[in-house]
Protein chains: 2
Amino acid sequence: MKQTRNTTAKTEILDLISQSEVALSHSEIQSALDGLCDRVTIYRVLNRLVEEDLVHKVVNTDGGVKYASCHSCATTHNHNHIHFSCQKCKSVTCLENVEPSFKLPKKYKVSEVNFTVSGICPKCS
Amino acid sequence: MKQTRNTTAKTEILDLISQSEVALSHSEIQSALDGLCDRVTIYRVLNRLVEEDLVHKVVNTDGGVKYASCHSCATTHNHNHIHFSCQKCKSVTCLENVEPSFKLPKKYKVSEVNFTVSGICPKCS
DNA sequence: CTTATTTTTGCAACAATGTTGCATTAAGTA
DNA sequence: TACTTAATGCAACATTGTTGCAAAAATAAG
């Protein structure tokens, strides 16, 4: 099994995501890092962080991909909460306390879930 | 207000999507049309169809975008049902009868919803 | 501290997906 | 039939993500 190393890029990117209130996209991270590392490295670090369950990947209703770190990332690894995507300020937020409920026909085997709700967030309304 | 026209491309694309059991991606539609029209036209037609509420756009957990027409497209324009994305056969299906329930804090105004569940579909299990 | 090993990085190149401007074509209407 | 305007095709561009490979950096061992 491959082991992972703690590099500057990884630390910086994880810090950025952890300290952000909202989910961050690759390009947002890139401009925040301001040339610290290559574009490709950011992709690779993000993939590693997701694999190691340190952050989770959020796909919003537009198809845009963002990355977020939430409380459950540090504990239960349960990322099946709702994400809210604000149409005004474009922010994506984890609503950790909102657990959606649904019932699928028995024959479906669920392994992953992505629940995104779009609208206007409290700050913008 | 701009009005819309019924062109060959639009008719063909809508037919394709309507007659398909599963949601279709831009590239799937493109190869099905087999050169009937330009790549760009497909993008533009798909956007129009979504605006006119004739089909709906589904974003799966990978960030891939697909288009589907379901019963509710023809009636209530309620696209807030669950979509199931099979990790094996890569198909995306509307589960029209499954209505998820959730409660957001009052301050959030909801206008759109995208619920996608990944796993293994009945055919593949 | 130095060396050895293996992961990460940077760079370049590529692939997929989506957008825009503009001249031409075609749909709907009078 | 002719007119008006939406829709198309083409070319070019933008964004997002991936891959191969040599060079650099991080851990482990001596």
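Chain A is the first sequence line, chain B the second, and so forth, proteins listed ahead of strands; every chain is numbered from 1.
Summarising the geometry, the separation between CG on A:Asn47 and C1' on D:dT19 is reported as 13 Å, rounded to the nearest angstrom. Nucleotide D:dG17 holds its P atom 11 Å from the CD1 atom of A:Ile29, rounded to whole Å. When rounded to the nearest whole Å, the span between CG of B:Asp62 and P of D:dT16 equals 18 Å. Distance OH (A:Tyr43) to P (D:dT19): 13 Å, rounded to an integer number of Å. Atom CG in A:Asp38 sits roughly 15 Å away from atom P in D:dT16 (whole-Å rounding). The nearest whole Å value for the distance from the CZ atom in A:Arg48 to the C1' atom in C:dT6 is 13 Å. Distance, B:Glu28 CD to C:dT17 C1': 14 Å, rounded to whole Å. Per the geometry, CG belonging to B:Leu46 stands 14 Å off P belonging to D:dA7, to the nearest Å.
On a pure distance criterion of 3.5 Å, no polar donor-acceptor pair joins the side chain of A:Arg39 and the base of C:dG10. With hydrogens and angles left out, the side chain of B:Arg44 and the base of D:dG9 share a donor-acceptor pair within 3.5 Å.
Of the options A:Asn60, A:Asp62, A:Thr61, a side-chain hydrogen bond (donor to acceptor under 3.5 Å, both in side chains) to A:Ser118 is made by A:Thr61 and by none of the others.
Residue contacts for B:Ile42: at a heavy-atom cut-off of 4.0 Å it reaches no nucleic acid atom on any strand shown.
A distance below 6.0 Å separates the ring centres of B:Phe84 and A:Tyr108.
Looking at A:Glu52 and A:Lys10, a side-chain N of the basic residue comes within less than 4.0 Å of a carboxylate O on the acidic one, giving a salt bridge. For the pair B:Glu28 and B:Lys90, the salt-bridge criterion is not met [side-chain N within less than 4.0 Å of a carboxylate O].
Residues B:Val65 and A:Gly35 each lie close to DNA chain C; by heavy-atom proximity, the contact nearer the 5' end of the strand is made by A:Gly35.
Environment of CG in B:Asn97: sparse, with no more than 12 heavy atoms of neighbouring residues, nucleotides or ligands closer than 6.0 Å.
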- Indicate for each nucleotide in nucleotides 25-30 of chain D, in 5' to 3' sequence, whether protein heavy atoms under 4.0 Å reach the base (B), only the sugar-phosphate (S), or nothing (-). BBS---
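One finds no side-chain N or O of A:Thr41 lying less than 4.0 angstrom from the OP1 or OP2 phosphate oxygen of C:dT8.
Residue pairs satisfying the salt bridge (charged side-chain N to carboxylate O under 4.0 Å, His left out) criterion with at least one member in residues 31-47 of chain B, sequence neighbours excluded, are absent.
With rounding to the nearest 0.5 angstrom, the OG1 atom of A:Thr4 is 9.5 Å from the CD atom of A:Glu51.
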